[in-house]
Amino acid sequence: MDWGNVTAEDLIDALREVDWSSPPRPLSEFFSRFTIPRSYAKWSSRLKCNLYYYRTNYFILITVILGLGFIRRPLAIVAAFLTALSIAFLNDSFAGTFSEKATRTVRQFSPHLAAKMRPPLTPVIRGRPSAKRAIYICGRSRWVFVFIFATVSFILWFVSCGLLTVLWALAIGLLVTILHASFRTPNLKARLNTFREEFRAVWRNYSEL
């Protein structure tokens, strides 16, 4: 795949729809080889490739840096967790998996309530969905949960006075991520056909369906 032709919007859409349950790459591979990109085009292509390929590693890295910044602020840790959860709900795979597990857990105690947590049926016209499939969590639009968790986390940030701390920690985490993605030389695994096909399927939004 020519990562130079992948726009930032395409990359964000792919990261939103891709399955995040894959384990992180080994540390021996993550810190393997670093080189300076020779041009802006190669830097842009490398940055997008590494951000997608090492997405789980970067997520863990930023989480650890944020955790270190909140050691003395327990309330801020709760706020950070809710913020991360509200952001995670923007990912289709995470939202669907969370809803399925929550419904399955509730079904053990109340099958009637679990039935109400099912997502509404999508209208089908001529064998195809009438619109892009909406994501539901426990029978409600995921935007309801994103709004609730984001609002509660904002209040906790204000009460804990940890907003400045999280901004600094987040800035450091993002800076480290960008530096690593910029200088980590893409290896052969990042260019395998399975990896390229995985991204293409997400990037094209499964247009063949």
Is F31 linked to L175 within one hydrophobic cluster, defined over Ile, Leu, Val, Met, Phe, Trp and Tyr using a side-chain heavy-atom separation of less than 4.5 Å? yes
Side chains of F145 and C138: closer than 4.5 Å at any heavy-atom pair? yes
Do you know which two heavy atoms are closest between S32 and R184, and how far apart they sit? CB-NH2, 3.5 Å
For the student: nearest non-hydrogen atoms of S86 and V146, plus distance: O-CG2, 3.6 Å
Assign the ring pair F98 / F94 to parallel, tilted or perpendicular, where the plane angle (0 to 90°) is split at 30° and 60°. parallel
Using the six-membered ring of Y58, assess whether NZ or CZ of R55 lies under 6.0 Å from its centre and within 45 degrees of the ring axis. no
Got a second to check how far L82's CG is from I87's CD1, nearest 0.5 Å? 11.5 Å
Sub-3.5 Å donor-acceptor pair from the side chain of S153 to the main-chain atoms of A150, do we have one? yes
Looking only at non-hydrogen atoms, find the nearest pair between A181 and L47 and report the distance. CB-CD1, 3.4 Å
As an exercise, state the distance from CD1 of I172 to OG1 of T177, rounded to the nearest 0.5 Å. 11.5 Å
Taking it one step at a time, do W143 and L90 satisfy side-chain contact (heavy atoms from CB on, under 4.5 Å)? CA-CA 8 Å; W143 297 108; L90 298 178; 3.4 Å; yes
Any link between L179 and F30 through a network of hydrophobic side chains (Ile, Leu, Val, Met, Phe, Trp, Tyr) touching at under 4.5 Å? yes
S45 (side chain) donor-acceptor with A41 (main chain) under 3.5 angstrom: no
Decide yes or no for T35 and F183: does some side-chain heavy atom of the first lie under 4.5 Å from some side-chain heavy atom of the second? no
For A79 against L156, the heavy-atom pair lying closest together: CB-CB, 3.6 Å
So NE2 of H180 and CG of L61: to nearest 0.5 Å the spacing works out to 8.5 Å
Is F34 reachable from V176 through a run of I, L, V, M, F, W or Y residues, each pair having side-chain heavy atoms under 4.5 Å apart? no
Cation over ring face, R25 and Y53, 6.0 Å, 45°: yes
Reported CD1-to-OG distance for the pair I36 and S182, which is rounded to 0.5 angstrom: 11.5 Å
One should read off an interatomic distance between T63 OG1 and L68 CG, to the nearest 0.5 angstrom, of 11.0 Å
For the student: nearest non-hydrogen atoms of A169 and I65, plus distance: O-CG2, 3.5 Å
For residues P37 and K42, report the shortest heavy-atom separation together with the two atoms involved. CB-C, 4.4 Å
Rounded to the nearest 0.5 Å, what separates atom CG in L51 from atom CZ in R46? 12.5 Å
Taking ring pair (Phe, Tyr, Trp, His ring centres under 6.0 Å) as the cut-off, I'd like each qualifying pair that reaches into residues 147-167, sequence neighbours left out, listed once. F70-W157, F89-F149
Taking a hydrophobic cluster as the set of Ile, Leu, Val, Met, Phe, Trp and Tyr residues connected by side-chain heavy atoms closer than 4.5 Å, whether directly or through intermediates, do F109 and V106 fall within one such cluster? no
